[in-house]
There are 2 protein chains.
Amino acid sequence: MKNYSRQREAILQALRSTDTHPTANWIYNKVREQIPSISLGTVYRNLSALAATGEILAIDVGDGFEHYDGDISPHLHLSCRCCGNIEDLVLESDAFSQLASEHGFSPETSIYVIYGICKKCKKQNLNIGGN
Amino acid sequence: MKNYSRQREAILQALRSTDTHPTANWIYNKVREQIPSISLGTVYRNLSALAATGEILAIDVGDGFEHYDGDISPHLHLSCRCCGNIEDLVLESDAFSQLASEHGFSPETSIYVIYGICKKCKKQNLNIGGN
DNA sequence: ACCCAAATCAGTAATGATTACTATTTTATT
DNA sequence: AATAAAATAGTAATCATTACTGATTTGGGT
């Protein structure tokens, strides 16, 4: 399961170079610094391929863009409805996957998204209509 | 926070009449049995409005369609990569939201999706490349 | 090193779920 | 009933993503 093409390597590196959860277009622009001739289609195709093999994670937070995550360990995504930032929170153990297993489901990947207001926005009282 | 229009009521009822996680188009066809003249745009607009107020849940499993859920209690969505079905699993307590709280994040909604193979597909050995 | 078949590429066109728009109808209030 | 605000049906536009095509690159066998 080696990554053959220079383009795929660059895409994977670009994704792993950040702790944000970039979109295909962000990665496209990032990789273009290194390979100016790369095509957006190539980025999409490789991201899909990498997600299919489980090397990366495709995570959808409902903003109309597919986001990608180089960290495939089960963790929480805290999505702020105010600033749009997605924060990671490491899990000691994935109790939910274990629960799913006990109910006959065979888990492969988990995507946990909690929507709300992040600490920073809360502090600035930027929360809209919230508690 | 009353639901004024007949269309919005019908949309909400259609969504609550099923334990599946339908798409906007499914709901559109369902409501058309009752209100044949309803517009797809109306369905989208009301689903967005209902999701914004938290009366329903918009859940994205990465198949290119937005899915909606009338059950807003925190629960697991077990998404089978084989048959595409989304199964619910009730949670006794939402430990993950509590964990997020402890880290300064103010949770409002949680969407937990576990991808894998469901019991039925597993039994039929329909799992592709799986364990 | 060279050849060849398979895989991947860049570039562009097509797709299709969702959103925006507009003129009309419905609703709530006085 | 009159008025203003909100919601509707129908249609057109948007735009992230996918499909397609001919050119290029890759890796294994000789």
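This structure is a prediction, so every number in the text was calculated from the model and none was measured. In the text below, chain A, chain B and the rest are named by the order of the sequence lines, each starting its count at 1.
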For [X] and [N], give me the distance from atom [atom1] to atom [atom2], rounded to whole Å.
X	N	atom1	atom2	result
A:Ile11	C:dA10	CD1	C1'	12 Å
A:Glu66	C:dA17	CD	P	16 Å
B:Trp26	C:dA17	CH2	P	17 Å
B:Arg6	C:dT26	CZ	C1'	11 Å
B:Tyr28	C:dA17	OH	P	13 Å
A:Asn46	D:dT17	CG	C1'	15 Å
A:Glu9	D:dT25	CD	C1'	15 Å

Quick check: does any side chain N or O of B:Thr18 sit under 3.5 Å from a backbone N or O of B:Leu15, one acting as donor and the other as acceptor? no
### Message
Classify the ring geometry of B:Phe96 against A:Phe96: parallel below 30°, tilted from 30° to 60°, perpendicular beyond 60°.
### Response
tilted
Side chains of [Y] and [X]: any donor to acceptor distance under 3.5 Å?
X	Y	value
B:Asp94	B:His75	no
B:Thr42	B:Arg45	yes
A:Ser73	A:Asp71	yes

Classify B:Asn25 by what it touches in the nucleic acid, base, sugar-phosphate, or nothing, heavy-atom distance under 4.0 Å.
nothing
Quiz item: Would one find a side-chain N or O of A:Ser5 under 4.0 angstrom from OP1 or OP2 of C:dC9?
Solution: yes
B:Gln7 vs D:dA9: side-chain N/O to OP1/OP2 distance below 4.0 Å: yes
Inset, instruction - Starting from the C-alpha separation in whole Å, work towards a yes-or-no answer on side-chain contact (heavy atoms from CB on, under 4.5 Å) for A:Ile11 and A:Ile27. - result: CA-CA 7 Å; A:Ile11 287 165; A:Ile27 295 168; 4.1 Å; yes
**Full working for side chain to side chain donor-acceptor pair (under 3.5 Å) between A:His21 and A:Asp88** = CA-CA 9 Å; A:His21 304 73; A:Asp88 283 337; 2.9 Å; yes
Review point. According to a 4.5 Å side-chain heavy-atom criterion applied to Ile, Leu, Val, Met, Phe, Trp and Tyr, with indirect links allowed, do A:Ile72 and A:Val61 form part of one hydrophobic cluster?
Key: yes
What residues 29-45 of chain B contributes to the DNA chain C interface at heavy-atom separation below 4.0 Å is B:Tyr44
Between the protein and nucleotides 12-15 of chain D, which nitrogen or oxygen pairs are less than 3.5 angstrom apart?
none

CG of A:Asp60 to CZ of A:Phe65, rounded to nearest 0.5 Å, is 11.0 Å
